[in-house]
Asks: 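Please find one structure pasted underneath; my questions will follow.
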Amino acid sequence: MSLELFNTLTRKKSPFRPLEAGQVKLYTCGPTVYDTAHIGNMRTFIFEDLLRRYLTYAGYKVLHVMNITDVDDKTIERAIREDRDLQELTGHYTESFIADLATLNILPAQHLPRATEFVAEMAAGIETLVQKGHAYATPDGSVFFDISSFDGYGQLVNLQPDQQRAGERTAEDDYGKDQAADFALWKAHKPSDGPYQWPSPWGPGRPGWHMECSIMSTHFLGPHFDIHCGGVDNIFPHHENEIAQSRCLFGTPFVETWLHSEHLIVDGEKMSKSRGNFYTLADILDRGYSAAAVRYTLLTTHYRQQLNFTFAKVAESQKALNRLRELARRLEQASDGAGGEEVPAPDAELRAALDNDLNIAGALGAIFGWAKELFGRLDGQTLGPAGARAALEALRRYDEILGCIFVNEAAGDAAAIEALLKERNAARSAGDWARADAIRDELAGQGIILEDGAEGTVWKRG
RNA sequence: GGCGACGUACCCAAGUGGUCUAAGGGAGCGGUCUGCAAAACCGCGAUUCACCGGUUCGAAUCCGGUCGUCGCCUCCA
């Protein structure tokens, strides 16, 4: 068995083979840093994290690049509207984005290039495209890609230009191009852009959005690399345009495998600010849910399936996660000593599931089925210490992929909880059940669950 | 108008032609344990996979049609 991935380009699952043995070159489309990222964005980054972690688990070295779009219509508009410096604004949201990734235990890319660091390279690339006859400048100093100059245009999304309806957004973005379908490589400076402009052979302006990904991905990964990811909304026009630019610029194949994650919806509806169902990570954590539960929720729906986000689902995730953490705790407890029986870990099933286009639900099914067996043996005392240690090791191994079992939750008030626990245990010894239950209720109000067992009381987040 | 995805129990969801009288998680019910709980364990739950036809010895899985939900069609992950 080997990893198979669903390639958007071919609309088929096919075996994944890196161009260079043992080494995967991965580019993932990052955020436009004009506002706080929302959980829909995070869903995509969690999918990419699963991909990266599983590739690593499967033995590949992964070189991962993610761009930060820090110059485009939205960032400039916002900076001017809020009277903030563009760099200050984008710097702020970039930091908040990186903090959210860390909170969700998403491994950071080795390179996080910002578009503004590559404007000169982008301009040079555009100049080459003009020279090769794939692009043209307009009198106002903008440059457009001529899609009629590239035969392969439309292959990613299977579009026939003559069958398309003119969209409302076409007009908004009209800088004077020849055909509606041509797209901007360079946008001439307009008064509404304020002070934000960069020099170019066509006069002051700024790069179009698509160009940054072509230039920055190939800068770090070379003109022909393995995997490029993003949300489904990026398939067209962004990735379609990237293919056109890159192929014409470098004259080589561009990306082998395109992977796209479906959108997250909320309570069955599209997430939008006007519907009031627009959530950031902080919004959810403020309601008392743990970051690990959010990660589990976003992780465990297959990436090509729409994820219907509900708070009930986050609560379910927390419980499922608690079960695995309880297993870890019980295994640790049972691991002193030597000898005894073992339960074979489901490594093969886990690999088989994830090899199948990252079938995470199948992988979890294997883990939970095994967990059930282990719990039964722990209760029946038929698992030896060696078996417990082996199982614990396997669980740690699986968490290198899941990233949400063995994580340190921010338990800032751990000392206060311990103090209350001590008081409650004293009350219990004295038979003062009213006081003991009052403390348990109080902690329950803070989302802390107490469990009285033979070995004493343990607490966990609920 | 064009392109595409999806429809499995109360909810989420696996399943890619036979081992499916269909994993796993959550919720529910009964029991063990517990001061009472919680957690854990044991037991119970789809003869059926939106609907209708077809292919096949055999279909949730392949093909055709119908109904329904959703996404994209030029800067939204």
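Chain naming here is simple, since letters A, B, ... match the order of the sequence lines and numbering starts at 1 in each. Here the structure is a predicted model, which is why all the values come from computation and not from measurement.
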Asks: With rounding to the closest Å, how many angstrom separate the C1' atoms on B:A46 and B:A60?
Replies: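 Each nucleotide's C1' atom is 12 Å from the other's.
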Asks: Could you tell me which residues satisfy ring-ring contact (aromatic ring centres under 6.0 Å, His included) with A:Tyr196, sequence neighbours excluded, listed by chain and number?
Replies: none
Asks: From the list B:C12, B:A38, B:A77, which nucleotide is the closest neighbour of the side chain of A:Leu264?
Replies: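 For A:Leu264, the side-chain atoms sit closest to B:A77.
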Asks: To the side chain of A:Gln305, which of B:A77, B:A13, B:G71 is closest?
Replies: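 From the listed options, B:A13 comes nearest.
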Asks: Using ring-ring contact (aromatic ring centres under 6.0 Å, His included) as the criterion, list what pairs up with A:Phe97, not counting sequence neighbours.
Replies: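 A:Phe45.
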Asks: What would the secondary structure line of RNA chain B be in dot-bracket form, counting Watson-Crick and G-U wobble pairs under 3.5 Å, with [ ] for pairs that cross earlier ones and | for pairs with another strand?
Replies: ((((((((.[[[..)..(.....]]].(((((.......))))).....[[[[[..)....]]]]])))))))....
Asks: Using a distance-only criterion (donor-acceptor N/O pair, under 3.5 Å, no hydrogens), is the base of B:C41 paired with the side chain of A:Arg330?
Replies: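 Not at all, since no donor on one side and acceptor on the other fall under 3.5 Å apart.
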Asks: Classify A:Lys74 by what it touches in the nucleic acid, base, sugar-phosphate, or nothing, heavy-atom distance under 4.0 Å.
Replies: sugar-phosphate
Asks: Kindly write out the residues that satisfy ring-ring contact (aromatic ring centres under 6.0 Å, His included) with A:Tyr289, not counting sequence neighbours, or none if the list is empty.
Replies: A:Phe311
Asks: Among B:G15, B:C36, B:G71, which is the nearest nucleotide to the side chain of A:Asn359?
Replies: B:G15
Asks: When the side chains of residues 234-245 of chain A are checked against the rest of the protein, which donor-acceptor pairs come out under 3.5 Å, sequence neighbours left out?
Replies:
from     : atom 1 : to       : atom 2 : distance (Å)
A:His238 : ND1    : A:His210 : ND1    : 2.9
A:His238 : NE2    : A:Glu242 : OE2    : 3.1
A:His239 : ND1    : A:His260 : NE2    : 2.7
A:His239 : NE2    : A:His228 : NE2    : 3.4
A:Glu240 : OE1    : A:Leu156 : N      : 3.1
A:Glu240 : OE1    : A:Val157 : N      : 3.1
A:Glu240 : OE2    : A:Gly154 : N      : 2.8
A:Glu240 : OE2    : A:Gln155 : N      : 3.2
A:Asn241 : OD1    : A:Tyr153 : OH     : 2.5
A:Asn241 : ND2    : A:His210 : NE2    : 3.0
A:Asn241 : ND2    : A:Pro237 : O      : 3.4
A:Gln245 : OE1    : A:Ser214 : OG     : 2.8

Asks: Using the C1' atoms only, state how far B:A27 lies from B:U19, rounded to an integer number of Å.
Replies: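 After rounding to an integer number of Å, I get 31 Å for this pair.
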Asks: All N/O contacts under 3.5 Å from nucleotides 23-27 of chain B to the protein, with atom names and distances to one decimal?
Replies:
from  : atom 1 : to       : atom 2 : distance (Å)
B:G25 : N2     : A:Glu316 : OE1    : 3.2
B:A27 : OP1    : A:Lys319 : NZ     : 2.7

Asks: Report yes if a donor N or O on one partner sits less than 3.5 Å from an acceptor N or O on the other, where the partners are the side chain of A:Asp452 and the base of B:C36; otherwise report no.
Replies: yes
